[in-house]
Amino acid sequence: AEKKAPSAEIKEITIPIEKKTLHTIQREIISAYVKNNKTIRIIGDSLNKHSEEIREMVHNLVGLEIIEQTQNRIIASDLVNIESISVVDVIRRIDIIVRAMMFDAVQIPEKDIYENIFSRDKDVNRLTILLYRTSKYFMDNPHVSNSLKPTDYFRFWTIAENLERIGDEIKRSARFLRKPKLPKEKVNTITNEYREVEKYYVQVMNAFYKKDNELLFASGTKRDEIM
């Protein structure tokens, strides 16, 4: 009979929160998620005091759902079949959001849509963490991997990290353009430069999807001109 590939280990973790800041708790929850723990238990007598913040931390992670909550315990379960996730598709989803953020950012002087941009930046962050998690899973479990090699996952990891940084910069730019009484001349200069960056970004991402190394190298020269 044909042998089946061994299943990946099903992991669980318990995170005590006593005497920890919310920032530390968030880092530990994200770390547990990226390390592919299927069940995350968050416990502590002070849980009730910070339950809303911790619930939001959990809900900001794709596929992680709260299945039980008491005064001193939250249990979250991963409901996603991670083996069905394509890292290339995740990159595309992040890219689509970043392009929309770029388009909207230059509209800020005309209409205040900053909160919309801010919200989509959160989506970029959620998808980036999902990509980290997916890449780590396939690198840790090569027997369930597809045609991608470990070096491919490192490459996608780096691309996602850079896309997240671009999203952060778009958010900051939009916040700056939101300032009242910016001189019109300065606004025009910034938005014109922004559109040049947007064109360059689209060119680079299209070259990436087409695996066009020649265009990627040419884009590097264009980047130096823009900078």
Would Arg195 and Glu198 pass as an ion pair if we require N to O under 4.0 Å? no
Hydrophobic clusters here meaning ILVMFWY residues chained together by side-chain heavy-atom distances under 4.5 Å, can you tell me if Ile96 and Phe208 are in one? no
For side-chain hydrogen bond (donor to acceptor under 3.5 Å, both in side chains), just list the numbers for Ser119 and Asp121, CA-CA rounded to whole Å, side-chain angles, deciding distance to a tenth of an Å, and then say yes or no. CA-CA 5 Å; Ser119 175; Asp121 182 58; over 6 Å; no
When you check the side-chain N and O atoms of Asn72 and Thr70, is any donor under 3.5 Å from an acceptor? yes
In Å and rounded to the nearest 0.5 Å, what is the CD1 to OH distance from Ile85 to Tyr137? 10.5 Å
Tell me whether Phe154 at atom CZ has more than 12 heavy atoms from other residues, nucleotides or ligands lying less than 6.0 Å away. no
Tell me whether Ser135 contacts the main-chain N or O of Tyr132 through its side chain, where contact means a donor paired with an acceptor under 3.5 Å. no
Rounded to the nearest 0.5 angstrom, the CD-CD distance for Glu169 and Glu164 is 11.5 Å
Any donor-acceptor N/O pair, Arg120 side chain to Ile97 backbone, under 3.5 Å: no
When you measure from the side chain of Asn37 to the backbone of Thr39, do you find a donor-acceptor pair of N or O atoms at a distance under 3.5 Å? no
Would you compute the distance between atom CD1 of Ile159 and atom OG1 of Thr128 and round it to the nearest 0.5 angstrom? 12.0 Å
Whether Asp152 side chain and Lys149 backbone form a donor-acceptor pair below 3.5 Å: yes
Give a yes or no answer on whether the side chain of Asn36 reaches the backbone of Val34 with a donor-acceptor pair at less than 3.5 Å. yes
If only atom types and distance count, is the side chain of Asp112 paired as donor or acceptor with the main-chain N or O of Tyr114 below 3.5 Å? yes
When rounded to the nearest 0.5 angstrom, what distance separates CG in Leu22 from CD in Glu56? 10.5 Å
For the residue pair Tyr33 / Asp78, report whether a side-chain donor-acceptor contact shorter than 3.5 Å exists. no
Examine distances only and state if a side-chain atom of Ser31 and a backbone atom of Arg27 form a donor-acceptor pair shorter than 3.5 Å. no
Pair Asp95 + Arg92: basic N to acidic O under 4.0 Å: no
Return the set of residues passing salt bridge (charged side-chain N to carboxylate O under 4.0 Å, His left out) with Glu68 (not counting sequence neighbours), or none when no residue passes. Arg73
Salt bridge Arg93-Asp89, side-chain N to carboxylate O under 4.0 Å: no
Is the backbone N or O of Lys20 less than 3.5 Å from a side-chain atom of Thr24, with the two atoms forming a donor-acceptor pair by type? no
Should we say atom CD of Glu18 is surrounded by more than 12 heavy atoms from elsewhere, each under 6.0 Å from it? yes
Taken to the nearest 0.5 Å, the spacing of Asp45 CG from Leu47 CG works out to 9.5 Å
Under-4.0 Å salt bridge between Lys38 and Glu12: no
